[in-house]
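Report on the structure given below.
Nothing here was measured: the structure is a model prediction, and the numbers come from that model. Whatever order the structure lists ligands and atoms in, that order sets their numbers, starting from 1.
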Amino acid sequence: MSENILRYDSKKKDVVILIDRNLCKGCDICIKVCKPECLALVDAPDKWEGAVVDVVNADDCTFCKLCELQCPDFGIRILRKDEVGKIQFGDTKKTAAEQ
Ligand code: SF4
Ligand code: SF4
């Protein structure tokens, strides 16, 4: 996995949140739609936008995928643990079964 892709595994559930720091522009759309407040913006001085989304609470993720569906830049993916590695960023319409 690329070093620009950050992986956060829920300790309680079969949920993995992946963030692509190259694609994320820190717009905060995903943060606003996440009701359990799993996500937050953090400073990213290395990025032109100056911020990037980060995961602060993967354990409360409900797998609703609203963040993934609303992100205009394909910067965040919500997966089952056995899907990691089978799905590429920017490939939102494909499921593991379609690979
Ligand atoms: S992951 Fe997408 S919606 Fe969330 S801050 Fe980054 S660009 Fe915006
Ligand atoms: S899938 Fe739903 S609960 Fe999980 S991080 Fe995304 S918006 Fe939040």
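Salt-bridge check for Arg7 with Asp9: passed, with a basic side-chain N closer than 4.0 Å to an acidic carboxylate O.
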Worksheet item: Yes or no on salt bridge (Lys or Arg N to Asp or Glu O under 4.0 Å) for Lys25 and Glu49, after CA distance, side-chain angles and deciding distance?
Response: CA-CA 6 Å; Lys25 64 177 189 294; Glu49 300 89 350; over 6 Å; no
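Protein heavy atom nearest atom 6 (Fe) of ligand 2, with residue, atom name and distance: Cys67 SG, 2.3 Å. Of all protein heavy atoms, the one closest to atom 4 (Fe) of ligand 2 is Cys61 SG, 2.3 Å. Cys34 SG, 2.3 Å is the protein heavy atom nearest to atom 8 (Fe) of ligand 2.
Inter-residue side-chain proximity for Ile29 and Cys71 is flagged as unmet; no heavy-atom pair is nearer than 4.5 Å. Looking only at side-chain heavy atoms (C-beta outward), Asp20 and Phe74 stay at 4.5 Å or farther from each other. Contact annotation: the side chain of Leu18 never approaches that of Leu6 to less than 4.5 Å [non-hydrogen atoms, C-beta and beyond]. Residues Cys67 and Leu39 meet the side-chain proximity criterion, which asks for heavy atoms closer than 4.5 Å. The closest side-chain heavy-atom distance from Tyr8 to Asp54 is below 4.5 Å.
With a 4.0 Å cut-off on non-hydrogen atoms, Pro36 touches ligand 2 through its side chain and not its backbone. Contacts with ligand 2 closer than 4.0 Å are made by side-chain heavy atoms of Ile78 only, the backbone lying farther away.
Of all the atoms in ligand 2, the ones that sit under 4.0 Å from a non-hydrogen atom of Lys65 are 1 (S), 2 (Fe).
Under the 3.5 Å distance criterion, the side-chain polar atoms of Lys47 are left unmatched by any main-chain donor or acceptor of Val52.
Contact annotation: Cys64 places no N, O or S atom under 2.8 Å from atom 8 (Fe) of ligand 2.
Listed by chain and residue number, the protein N/O/S atoms under 2.8 Å of atom 6 (Fe) of ligand 1 are Cys24 SG, with waters left out.
Taking the side-chain hydrogen bond (donor to acceptor under 3.5 Å, both in side chains) definition, one finds that Asp60 meets it with Asn57, sequence neighbours left out.
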